[in-house]
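All remarks here apply to the structure that follows.
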Amino acid sequence: MAPELYIDNIRALKVLGKGATGIVFLAHDTSSDPEARSSFALKVVQKSSLLHQHQHQHHHHHHKTADRRARWEMSVLSGLEAHPFLPSLLGSFEAHDLLGWAVPFCAGGDLNALRYQQTDHVFSQSAIKFYLAEIVCALDHLHSMRIAYRDLKPENVLVQSSGHVTLTDFDLSKKLSVVQRSDPDDEIIQLKPRRTSRMTRIFGYGSEGKTAKVSPENHRKMSFAGGERSDSFVGTEEYVSPEVVRGDAYAYGVDWWALGVLAYEMMYGRTPFRGKNRKETYQNVLLKRPAFVGKRTAWDLLTEVVRPPFVPSTDDGESSTEKLTTFDVREYFQEMRAPPSIPSAPSHSLSSSSDDLF
Ligand SMILES: Nc1ncnc2c1ncn2[C@@H]1O[C@H](COP(=O)(O)OP(=O)(O)OP(=O)(O)O)[C@@H](O)[C@H]1O
């Protein structure tokens with residue numbers, strides 16, 4: 001188990017990002033690190049919180065489940081064997097209505113944001129090779145622990161201060177139970193009768209969100225509740241593999257498929273199967289042969305790429321001579337819950353993010 005964090009000792013420096021389940025803060029422990037020299041990313045989830053449906057339409061099917069998703073993600077993280085490209089759980093806390101855990105702060109942002117900073121929104125061949133090679137290592141390590149990651153996309157690949165990658169967002173990860181094992185590289189899971197109405201049901205969702213995901217623990221319940229969603233349907237639509245679209249048994253191959261989509265996107269600046277809507281995207285996943293133009297990546301040169309292509313600058317504007325402006329995570333959540341008396345006037349400049357929850 002990860003060491004226990006004491007929320008009374010924790011101060012946040014800023015909001016790093018907001019997801020469907022929680023808020024990620026840059027934070028430090030005032031008792032062990034008063035100068036905030038080794039701040040960390042702290043993901044905080046409100047227990048029994050309703051996810052805001054208007055904000056997260058693509059997540060509408062798992063409102064009420066934020067803390068269950070969080071506990072699942074925390075348990076996956078705590079079970080991970082150490083790896084340079086996977087997050088280590090630094091600590092966790094639970095306080096009345098909040099649940100949180102700390103992982104190393106990744107100062108370089110995510111691969112999607114980084115790609116948009118590049119000329120023509122595409123990475124160089126050497127950068128692509130570097131990132132793919134590291135992601136392959138991370139996925140291979142997860143698979144060796146029998147974990148399918150199931151949500152590989154550039155937004156979930158963070159860049160550490162060193163320039164190396166870290167996979168984030170493990171709430172969709174799944175420990176595979178092996179039904180059949182003929183070849184170690186071909187573990188088949190979730191074998192079940194294929195339903196003929198599967199495709200129409202999938203194509204009938206009609207949500208506009210990019211992500212169509214169901215938490216590992218809750219989709220089973222959901223499939224009973226609505227009769228709409230199969231428990232094997234997970235991932236983000238542009239990265240989802242044909243076997244998942246079809247509702248077939250699947251295994252670690254879903255991660256390698258997503259890696260191919262990610263490779264294409266880094267190279268061409270767009271994903272290969274994206275359609276006008278979800279239905280068209282899935283049709284493309286099943287039927288379309290992606291167009292490849294230009295030269296193939298020369299993988300024999302991989303050994304030449306030993307240094308990270310981008311190393312985030314260490315000066316993040318918070319030099320030690322300045323007084324740190326910090327805030328309490330619990331107060332942040334309290335303010336968020338409180339009905340705004342003057343809607344346009346922010347009470348504090350707590351959040352650097354513009355997409356406030358209200
Ligand atoms: N270790 C980290 N270092 C720096 N930033 C981080 C870190 N972890 C998360 N973030 C930021 O916080 C954002 C939200 O984190 P995360 O994706 O884990 O939340 P989430 O609730 O699981 O989101 P979703 O499930 O909607 O993708 C990320 O997009 C990223 O910008």
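When a ligand or atom number is given, it counts from 1 through the structure's own listing order.
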* Report, in ascending order of atom number, the atoms of ligand 1 lying under 4.0 Å from any heavy atom of D169. => 17 (O), 22 (O), 23 (O), 24 (P), 25 (O), 27 (O)
* Does ligand 1 have a heavy atom under 4.0 Å from the side chain of E155, from its backbone, from both, or from neither? -> neither
* Go through the side-chain N and O atoms of T236 and D151 and say whether any donor and acceptor fall under 3.5 Å apart. => yes
* Using side-chain hydrogen bond (donor to acceptor under 3.5 Å, both in side chains) as the criterion, list what pairs up with D29, not counting sequence neighbours. => S31
* Does P104 reach ligand 1 with a nitrogen or oxygen that is under 3.5 Å from one of the ligand's nitrogen or oxygen atoms? -> yes
* Report the relative orientation of the aromatic rings in F310 and Y131; use parallel for angles under 30°, tilted for 30 to 60°, perpendicular for over 60°. => parallel
* Backbone or side chain, does any N or O of D171 fall under 3.5 Å from an N or O of ligand 1? -> no
* Which bit of L26 gets closer than 4.0 Å to ligand 1, counting heavy atoms only: side chain, backbone, both or neither? -> neither
* To do: Give the numbers and elements of all ligand 1 atoms closer than 4.0 Å to a heavy atom of L16.
  => 4 (C), 5 (N), 31 (O)
* For ligand 1, which atoms, with element, lie under 4.0 Å from some heavy atom of L158? -> 1 (N), 2 (C), 3 (N), 6 (C), 7 (C), 8 (N)
* Atoms of ligand 1 less than 4.0 Å from C106 heavy atoms? -> 1 (N), 2 (C), 3 (N), 4 (C)
* Establish, yes or no, whether a centroid distance under 6.0 Å links the rings of F130 and H164. => yes
* Enter the distance from T21:OG1 to D67:CG here, rounded to the nearest 0.5 Å. => 10.5 Å
* Quick one: list whatever passes salt bridge (charged side-chain N to carboxylate O under 4.0 Å, His left out) with R270, sequence neighbours left out. => none
